[in-house]
Amino acid sequence: MPRPILATIDTEALSHNLRIVAGRLARDTVDSPRIWAVIKARGYGHGLSAALQGFSQADGLAMLDLDEAVHCRESGWSGPILLLEGFFETSDLEVLNRYRIATTLHCNEQMAMLEACRIPHALDAYVKLDSGMHRLGFLPDEFRVTFRRAQALRSAGILNSVGKMTHFARADDDPAFTREQLARFQAATQELPGPVSVCNSAATLTPGFAASVSDCHAGQTQWVRPGICLYGASPFAGQSADSFGLHPAMTLSSQLISAHVLPTGEAIGYGQTFRADHAMRVGIVACGYADGYPRHAVTGTPVTVAGVRTQLLGRVSMDMLAVDLGPVPQAHVGSPVVLWGVGGPSVDEVALSCGTIGYELLTAITPRVPRSVLQASPSGNPL
Ligand SMILES: *Cc1c(COP(=O)(O)O)cnc(C)c1O
């Protein structure tokens, strides 16, 4: 028997979360924006094929990696695809062209490559404004010039539609700075034609942001770019995914491979960071940092054993971790353990206990963890 660890991916949860986001947008805006489902990092660790199934009703797919984009096309996705960092070298352009992949344009080097290229069909593109994230994009004072350069490439038959985009630095925790970024975006892009794309998960879930983008760009198609919320995790530190009606799409589960007593005064695991002040029953779970469970998780991190919530004890090892069986006296070797997901703590709760975010945990599951993809049935219930 292989080690009992398993990542279960529920494609119906992905579809459900997409519907939740679409429903919120429909209530928040007059003209519902279109949705790019962000599937970078192999669908935030859920696997590309699961993401393709779960997001079959999305308006478009956004990602980073050209090979992943080609894989989506070859798997039968015929809708729009956007590369969020665009292309990296001239030879990529021919692939974008062949597979009808839209590109972000964020730097002058990309503009120069486009101006020098020869491609048979025009590409769709978004020119990116750096409105305050200061990672990628053109600063407000260079934006209009660049946008005009991109429009000139339409006349040259190299570009087809040319849109505008930007990215928020603090949509999860600083609405004032987010409004400032939005104001900079609106000032830089006002009256420029073409589709517009601004909102990530946090901005998409915050009423008002998508609506104000539509107000300022009336008559232009708005696309939002939610990622994390579509996987059933929250972009906000203080607000659970559950409170939005989102369902976890990944459940990381395992089993107890040992259950025994830790005698009074003895410590468990590497570094002896947890010492028992009374004789206590502990369990050893087949899950460690080589599976992608965070080594920085501390004693007290929530974990569910046989349906009962308990806590991690001591340091996480490469292949194992220890849990407190005090609240679960009936637990035994083979008892089911949920590290996060359905029937266990949320990935966000686990992330909080190790000073990180759900994004990092979901994308860190390692290849040695087997995956089981639950397919949605035609009735909408998982089989
Ligand atoms: C990752 C990413 C998103 C999605 O962000 P979430 O916080 O997961 O919603 C949107 N836009 C860009 C440019 C990104 O890189």
Side-chain angles (χ1 to χ4, degrees), residues 13-14 17-18 20-22 24-25 33-46 48 51 54-55 58-66 68-69 80-88 101-107 110 125-138 163-175 177-178 181-182 185 195-206 209-210 213 222-241 244 246 248-250 346-348 351 356-364:
L14 298 173
N17 296 334
L18 182 65
I20 291 276
V21 169
R24 289 180 68 91
L25 287 167
R34 297 192 191 165
I35 300 176
W36 297 108
V38 179
I39 60 163
K40 61 195 181 188
R42 306 198 70 77
Y44 285 50
H46 294 64
L48 270 186
F55 303 140
D59 301 296
L61 299 174
M63 65 202 81
L64 300 180
D65 188 80
L66 188 52
E68 291 185 11
I81 295 179
L82 173 65
L83 290 183
L84 293 166
E85 293 174 354
F87 55 93
F88 303 97
I101 297 168
T103 183
T104 299
L105 298 171
H106 64 78
C107 65
Q110 288 176 326
Y126 282 80
V127 183
K128 183 162 187 170
L129 174 76
D130 177 0
S131 60
M133 178 79 158
H134 301 307
R135 203 173 56 173
L136 298 181
F138 297 92
K164 305 90 61 173
M165 71 188 285
T166 195
H167 193 53
F168 291 137
R170 300 190 63 174
D172 57 318
D173 72 346
D174 190 343
F177 185 66
T178 306
Q181 281 194 268
L182 194 54
F185 177 75
V196 52
S197 179
V198 175
C199 296
N200 57 2
S201 291
T204 300
L205 293 175
T206 306
F209 283 119
V213 174
Q222 177 181 182
W223 288 79
V224 294
R225 306 189 305 270
I228 194 70
C229 62
L230 298 180
Y231 302 91
S234 176
F236 305 104
Q239 215 174 341
S240 71
F244 293 99
L246 299 165
M250 180 196 289
S346 71
V347 71
D348 296 316
T356 185
I357 51 178
Y359 300 70
E360 186 179 12
L361 301 191
L362 294 174
T363 55

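Both ligands and their constituent atoms are indexed starting at 1 by order of listing. These numbers come from the heavy atoms of this one structure, side chains and all, not from hydrogens, waters or symmetry mates. By convention here, the first residue in the shown sequence is residue 1.
Remark: ligand 1 atoms within the under-4.0 Å shell around heavy atoms of I228 are 6 (P), 8 (O), 9 (O). Using a 4.0 Å cut-off to heavy atoms of Y44, the atoms of ligand 1 that qualify are 1 (C), 4 (C), 5 (O), 6 (P), 8 (O). Listed by number with element, the atoms of ligand 1 under 4.0 Å from a non-hydrogen atom of Y359 are 6 (P), 7 (O), 8 (O). Close contacts of ligand 1 with P226, meaning ligand atoms under 4.0 Å from a residue heavy atom, involve 9 (O).
What sits closest to atom 15 (O) of ligand 1 on the protein, heavy atoms only, is K40 NZ, 2.7 Å. Annotation: atom 12 (C) of ligand 1 to nearest protein heavy atom, H167 CE1, 3.4 Å. Scanning the protein heavy atoms around atom 9 (O) of ligand 1, the nearest turns out to be S201 OG, 2.5 Å.
For G227, a nitrogen or oxygen atom sits less than 3.5 Å from a nitrogen or oxygen atom of ligand 1, counting backbone and side chain alike.
Between the S131 side chain and the F185 main chain, no donor and acceptor come within less than 3.5 Å of each other. Q181 places a side-chain N or O within 3.5 Å of a backbone atom of A169 that can act as its donor or acceptor partner.
Between L362 and I228 the shortest side-chain heavy-atom distance falls below 4.5 Å. At a threshold of 4.5 Å between non-hydrogen side-chain atoms, the residues D348 and F236 do not count as touching. Using a 4.5 Å heavy-atom threshold, the side chains of T104 and M165 count as touching.
In this structure, Y231 and F55 have perpendicular ring planes: the angle between them is above 60°, well past the 30° mark.
Counting heavy atoms under 4.0 Å from ligand 1, residue R225 touches it through both backbone and side chain.
Residue contacts with ligand 1 do not include W36, since none of its heavy atoms lies under 4.0 Å from the ligand.
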Inset, instruction - List the steps and the verdict of side chain to side chain donor-acceptor pair (under 3.5 Å) for H106 and R135. - result: CA-CA 10 Å; H106 64 78; R135 203 173 56 173; over 6 Å; no

